[in-house]
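Input: a single structure, listed below in structure tokens.
Naming: A, B, ... by sequence-line order, numbering from 1 per chain.
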2 protein chains.
Amino acid sequence: MTEPQDRRELIVATAAEMFARKGIRSTTVREIADSVGVLSGSLYHYFSSKDEIVKEILMGFLAAIQDRYGEVLAQGQDASQTLRAVVLASLRVAKQQPDATVIYQNELRYLRETPQYKEVQAAAADVQRVWAGVIERGVADGTFRDDISPRIFHRLIRDAVWLSGRGQHSDAGYSTERLADAITSIFLQGFAARPGIGASQSDEVPAQTP
Amino acid sequence: MTEPQDRRELIVATAAEMFARKGIRSTTVREIADSVGVLSGSLYHYFSSKDEIVKEILMGFLAAIQDRYGEVLAQGQDASQTLRAVVLASLRVAKQQPDATVIYQNELRYLRETPQYKEVQAAAADVQRVWAGVIERGVADGTFRDDISPRIFHRLIRDAVWLSGRGQHSDAGYSTERLADAITSIFLQGFAARPGIGASQSDEVPAQTP
DNA sequence: GTCTATATTGAGATAGAC
DNA sequence: GTCTATCTCAATATAGAC
């Protein structure tokens, strides 16, 4: 997050940092106000509720993602290149908005159980659709293995990317680009179609009970 | 969880289901009591606090994991086989205790911020150590790529496995064994050392900025 | 735009009768 | 062992003065 100009932005940035560190529920509006340097009542001059602050954080995050994904898709690259670009785009947003990334990951439950987050839910679904689209395309054109469900692959790589936000500090020294390369390298190698394996035989990994 | 015999077990099982579905914080003791069919005060005959219930759920979960990992390590297999066995063992526990698995994944934050969970933290650290050990062994003996940090690999596969609990319903039709095979297949292929790549050159993936 | 003061609600926990 | 009744506390939110 860039240096907050006005008080409203300062509130959002401060709240984001605390929500990411301690969770939304266990961060009180009084604590946010303390950190900002005002009293709790004053926050309600800018926001009508605590959830409005959460919404502003997450919608900004999801909008940034959609922006970058739009650029990636506009390039019309093949499945492998697009997947790599999507991973890199995601990690760049994660780097730019680390607090929002952590909140998004950690509070999916909270967001779902709070009714007024329809808007956020919808934006999140759009993001999911981009991932699913790239993967399906790669499986269809033979770039990716067809012996493993695209759903599984989708979940694995999506979680791998977004959870990287959570582990940022522990990955110190790994630049965004390096991390993106590591993740895509592992998954593209792991999910690469291998000649003679897959479509020709059964279409799933055979059960194997050691 | 097996069919609860006595009231105490019923409380634990009911609470686990609700904690997994709605989160610990947003499940009230009154709701648990309602589901069990008693009034909230009655719960305190069995447990001295809500957190005691949480503790019982998670310690049972972690003990089951440690049991199975112990058996796996006792077999003295090589790194690939051990990793596969650890994944399978984890998924079996996840299948047997799906609620605890979800709680463990979703509430790491809550567990860390609640002081009295030292015991749970310690057990969780032991589990982590098994994963790290297998991976380090595989990297050391040349089974796994050494051009990617073991920390990264550790995080990726660990999250992939435990998050599978979260996606259970959406993976319908994938048996535990099939899912274990899919995950190990992707990661062993993705993380396999390739002759001529790695140690000989640089020891990290080169930065690459598209 | 910020403060003081307070209303309101919801949750965990307890005491003691049955 | 369960219930009724209630305590206590913390948190969101509001009203109105400055």
Going by ring-ring contact (aromatic ring centres under 6.0 Å, His included), name the residues that satisfy it together with B:F19, two or more places apart in sequence or in a different chain.
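Not a single residue meets the ring-ring contact (aromatic ring centres under 6.0 Å, His included) criterion with B:F19.
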Rounded to whole Å, how long is the line connecting atom [atom1] of [X] with atom [atom2] of [N]?
X	N	atom1	atom2	answer
B:K22	C:dG10	NZ	P	13 Å
B:E31	C:dG10	CD	C1'	11 Å
B:D34	C:dA11	CG	C1'	14 Å
A:R8	C:dT2	CZ	P	13 Å
B:I53	C:dA11	CD1	C1'	14 Å
B:I11	D:dT2	CD1	C1'	11 Å
B:Y110	C:dA11	OH	P	14 Å
B:L43	C:dA15	CG	C1'	16 Å

Per-nt protein contacts along nucleotides 4-18 of chain D (heavy atom under 4.0 Å; B base, S backbone sugar-phosphate only, - none) come out as B------BBBB----
Contacts of B:A132 meeting side-chain contact (heavy atoms from CB on, under 4.5 Å) (sequence neighbours excluded), chain-then-number -> B:E136, B:H154
Once you round to the nearest 0.5 Å, how far does CG of A:L83 lie from CZ of A:F153?
5.5 Å
Considering only residues two or more places apart or on different chains, which pairs with a residue in residues 25-49 of chain A satisfy ring-ring contact (aromatic ring centres under 6.0 Å, His included)?
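Residue pairs passing ring-ring contact (aromatic ring centres under 6.0 Å, His included), neighbours aside: none found.
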Show every ring-ring contact (aromatic ring centres under 6.0 Å, His included) that has at least one partner inside residues 72-108 of chain A, sequence neighbours left out.
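Counting only pairs at least two positions apart or across chains, the ring-ring contact (aromatic ring centres under 6.0 Å, His included) contacts touching residues 72-108 of chain A are A:F61-A:Y104.
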Give every residue pair that meets the salt bridge (charged side-chain N to carboxylate O under 4.0 Å, His left out) criterion with at least one member in residues 56-80 of chain A, sequence neighbours excluded.
A:R8-A:E56
